[in-house]
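These notes concern the structure reproduced below.
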4 protein chains.
Amino acid sequence: MTKLQKSIDKRNALIKATIELVNNNGFHATPMSKIAKMANVSPATIYLYFENKQDLVNQTYLEVKTKYTDFVFNTYDENTSIKTGFELIWKRIAEFNINECEYSFFLTQCNNTPIIDEPSRQEGIKHLQPLLDLWKRGKDEGVIKPISDYILYAYSINPISSLMMAQKLGQFQLTKANTEEAFLTAWDSIKL
Amino acid sequence: MTKLQKSIDKRNALIKATIELVNNNGFHATPMSKIAKMANVSPATIYLYFENKQDLVNQTYLEVKTKYTDFVFNTYDENTSIKTGFELIWKRIAEFNINECEYSFFLTQCNNTPIIDEPSRQEGIKHLQPLLDLWKRGKDEGVIKPISDYILYAYSINPISSLMMAQKLGQFQLTKANTEEAFLTAWDSIKL
Amino acid sequence: MTKLQKSIDKRNALIKATIELVNNNGFHATPMSKIAKMANVSPATIYLYFENKQDLVNQTYLEVKTKYTDFVFNTYDENTSIKTGFELIWKRIAEFNINECEYSFFLTQCNNTPIIDEPSRQEGIKHLQPLLDLWKRGKDEGVIKPISDYILYAYSINPISSLMMAQKLGQFQLTKANTEEAFLTAWDSIKL
Amino acid sequence: MTKLQKSIDKRNALIKATIELVNNNGFHATPMSKIAKMANVSPATIYLYFENKQDLVNQTYLEVKTKYTDFVFNTYDENTSIKTGFELIWKRIAEFNINECEYSFFLTQCNNTPIIDEPSRQEGIKHLQPLLDLWKRGKDEGVIKPISDYILYAYSINPISSLMMAQKLGQFQLTKANTEEAFLTAWDSIKL
DNA sequence: CATGAATGAGGATTCATTCAT
DNA sequence: TATGAATGAATCCTCATTCAT
């Protein structure tokens, strides 16, 4: 194994540990020492890869966000009907939320608390462009309601996170059937 | 002013300070000393009213949640059509989110992080019963989709919080017109 | 013992400990924990009395400097001959350096290293005014060499510190006879 | 360039960096990593040339002290009158303090704090022998006061450092004229 | 009830030093 | 010889909590 690979491994281990611990305890209840222990490095080593705790969380956020959007738009094809395109994206988002719930829970927590820098948050928003483009086209074609993207997003995308949270808390089970219902509900909410 | 009143005032001041500080800094970045200072009491005094920091936050959560449900169901009348009943509740929720955004932001933060005890969280859920009853009736009457309450909630209620968050971040403005669009979208998502 | 007295005692104990430890180990080799231990308080207690380590050393410096000048000019009388006045001041300085060598060594160390803030250093210089006034009169009367005060100071006052340092290192003993010789040497260097 | 030369260069770079950083920040506020960076070597490399941080400072001290005495006694000739001999030495010391103030400030700092080992300090004192010999002759001839060498040193040599410090702090300017006054003052203080 | 002073435990971060290469 | 990566042991400082008054 090369030196570079070992470095990357260590950085990844740190990010993984950060996600797990912040998910379970919150940012401020997650000491650097625990992150180090879980990643099998010395606390001092963290500072070779990250400037400080805030930087560690910011970078973790951006890394996870990138994984998220990469996955979400990976299968997306612009040349489809609005509904098909939306379904493609929505179901990938759902799949990510179900299969990578560690990641999606982390994102949710970051999005709803003041633990992330505003710059990093802004950086994370950019990635959704394809979905916004799709909605623009949908509005032009009279298929999607002519309302603010924020409303469209709040009603068709955010609920997936809510359901994921409910599942994490053991209140609810996201089955195949459930997911289909949820998708149709999302579509009902934004279609014209 | 009676002694009892003075006590209640102090307790209220502490809860108010907790909300403001947790909203701005997060739970663990909010020291007891700052809460005390903002409430104009000694740190030691907090422990006359609350067992410890966790208890303070739990009680704050329940208190705010109670304010929330009291407000939301205050004007509710069971003897209306499903849609009217839903609109009544939904708009009160929206009104609360807009006018008392300190409170609703606090609830959102609690709902999306591990800072609240599971027992307190469970306690907070109970209060929604009238809405669940309404949905049950709606499903029976064939007006509301026959799907899990969690999905209904995720699609028709949670988005209000999302929009409130967006507004708090300055990305979005909840106007009268906007709110009406949002309501119709909510209804579209759950109506059969 | 009153509460206030206990507070003052603690502050004094901290300053005493700071002097002793910095004298023996230097500023940066003196951890707050050791200062606390020697003063019989918890490390956290230091921060009730001082903002941080730098502030602790700055305040210690000023406190010692004040003790120094208070002592030095305590017996001074303006209405004497130049030589008598100078002798009065010089011998008090010598006495302080001999009897309170902890204090004078601390001052010397502060004066010769970058551990004291510039503002605190400036603050400490002010106190020497009576000596400067005496020299002014001496120059006017043609008794003192008409050269820079800095030179006068370097030759007549600073050597006392040097001798104190030598004594501390065990190389030299400041006896009565020695001190008299040193005084005459000082006078020879500045008298016209 | 030979391998040996490269080694010497590195050692010199390290010593130079040590002087500059200790002068500006003090011994303990000067991390090995910064010294390494300023000398353009790896931190690990320092340990090829020096046993540890203390050894690095000790050796730096001795090296500078050697430069100092080499310079000071370079032009010295034993076969002169006491006054001429003293003037020769004194003016070289002054010249060194003015032209190589980085070096002399470093020496002053070492001489007034506990950062140098006692052995190294002792080692550094030896070099002054020619001056002590001169004073011995002067006392025998009845030209120099029959008092302790420590007093002679404190009054005629140390003040140069004091003036250099004052100059470094920007309070005072060591001009030609000033220096001459200072020399005469030094001579007045020790001559019989 | 109310408090200011006090603190032990713990957290982020730094640093002298080592080690595999 | 030279190094960059790695680290354990501090170090400064904070904070939830207690206690004497």
Side-chain angles (χ1 to χ4, degrees), chain A residues 2-4 6-7 10-11 27-36 39-56, chain B residues 3-4 6-7 10-11 27-37 39-57, chain C residues 2-4 6-7 10-11 28-36 39-56, chain D residues 3-4 6-7 10-11 28-37 39-57:
Chain A
T2 69
K3 248 185 183 179
L4 181 61
K6 266 181 69 182
S7 272
K10 240 166 232 182
R11 193 174 178 283
F27 172 54
H28 287 282
T30 298
M32 295 296 257
S33 56
K34 267 194 200 164
I35 296 176
N40 272 317
V41 297
S42 156
T45 304
I46 301 181
Y47 294 86
L48 296 177
Y49 295 90
F50 304 96
E51 253 178 64
N52 50 36
K53 197 181 175 185
Q54 184 66 59
D55 183 46
L56 167 59
Chain B
K3 260 189 178 174
L4 180 61
K6 267 181 67 183
S7 273
K10 246 169 222 178
R11 193 175 179 281
F27 172 55
H28 286 282
T30 298
M32 295 295 260
S33 55
K34 266 193 199 165
I35 296 175
K37 198 164 287 173
N40 273 317
V41 298
S42 157
T45 304
I46 301 182
Y47 292 85
L48 298 176
Y49 295 89
F50 305 96
E51 252 178 65
N52 51 36
K53 196 180 178 187
Q54 185 64 59
D55 182 46
L56 167 60
V57 178
Chain C
T2 70
K3 247 183 183 178
L4 181 61
K6 267 180 68 183
S7 271
K10 241 166 233 183
R11 192 173 178 283
H28 287 284
T30 298
M32 295 297 257
S33 55
K34 266 193 200 163
I35 297 176
N40 271 318
V41 297
S42 156
T45 302
I46 301 181
Y47 294 87
L48 295 178
Y49 295 89
F50 305 96
E51 253 178 65
N52 50 39
K53 197 180 175 185
Q54 183 66 58
D55 182 47
L56 166 59
Chain D
K3 260 188 179 174
L4 181 61
K6 265 179 68 183
S7 273
K10 247 169 224 179
R11 192 173 178 285
H28 287 281
T30 298
M32 296 295 259
S33 55
K34 266 193 199 164
I35 296 175
K37 198 164 288 173
N40 273 319
V41 298
S42 157
T45 303
I46 300 181
Y47 293 85
L48 297 176
Y49 295 89
F50 306 95
E51 252 177 67
N52 51 36
K53 196 180 175 185
Q54 185 64 59
D55 181 46
L56 166 59
V57 179

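Here the structure is a predicted model, which is why all the values come from computation and not from measurement.
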Taking 4.0 Å as the cut-off, does a side-chain nitrogen or oxygen of [X] come that near to OP1 or OP2 on [N]?
X	N	result
D:Lys10	F:dA2	yes
C:Ser42	E:dA6	no
A:Lys53	E:dG11	no
C:Thr45	E:dA6	no

Provide, to the nearest angstrom, the distance between the [atom1] atom belonging to [X] and the [atom2] atom belonging to [N].
X	N	atom1	atom2	result
B:Phe27	F:dC15	CZ	P	13 Å
D:Tyr47	F:dG4	OH	P	15 Å
C:Ile46	F:dT14	CD1	C1'	13 Å
A:Met32	F:dT14	CE	C1'	16 Å
A:Asn40	F:dA6	CG	P	13 Å
C:His28	E:dC15	NE2	P	10 Å
C:Leu56	F:dT11	CG	P	15 Å
D:Lys37	F:dG4	NZ	C1'	12 Å

For F:dT21, which nucleotide is its Watson-Crick or G-U wobble mate, given both distances must be under 3.5 Å?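 Paired with E:dA2.
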
With a 3.5 angstrom cut-off on both distances, give the Watson-Crick or G-U wobble partner of E:dG11, or none if there isn't one.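 Looking at the geometry, E:dG11 pairs with F:dC12.
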
Return the 5'-most residue of the pair B:Pro43, A:Ala44 with respect to DNA chain F, ranking by each residue's nearest nucleotide.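 Mapping each residue to its closest nucleotide by heavy atoms, the 5'-most match is A:Ala44.
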
Pick the closest DNA chain F nucleotide for B:Thr30 and for A:Leu48 by heavy atoms, then say which residue is nearer the 5' end.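 Closer to the 5' end of DNA chain F: A:Leu48.
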
Can you name the closest pair of heavy atoms from [X] and [Y] and give their distance?
X	Y	value
D:Lys10	D:Thr45	CD-CG2, 4.4 Å
B:Lys53	B:Phe27	NZ-O, 3.1 Å
B:Met32	B:Asn52	CE-C, 4.2 Å

Give a yes or no on whether a donor-acceptor pair under 3.5 Å exists between the nucleobase atoms of E:dG11, that is its base, and the side chain of A:Ser33.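 Not at all, since no donor on one side and acceptor on the other fall under 3.5 Å apart.
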
Counting C-beta onward and ignoring hydrogens, is there a side-chain heavy-atom pair between B:Val57 and B:Thr30 closer than 4.5 Å?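 A side-chain contact is absent here, since even the closest heavy-atom pair is not under 4.5 Å.
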
Is there a side-chain contact between C:Val41 and C:Leu48 in this structure, where contact means two heavy atoms from C-beta onward sitting under 4.5 Å apart?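 Contact flag for C:Val41/C:Leu48 side chains = no.
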
Would you measure the distance from the P atom in E:dC1 across to the matching atom in F:dT21 and give it in whole Å?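 Each nucleotide's P atom is 23 Å from the other's.
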
By the 4.0 Å heavy-atom rule, please label D:Tyr49 as base, sugar-phosphate, or nothing.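 It contacts sugar-phosphate atoms only.
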
Out of F:dA2, F:dC12, E:dC1, which has the shortest distance to the side chain of B:Ser7?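 The nucleotide sitting nearest to the side chain is E:dC1.
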
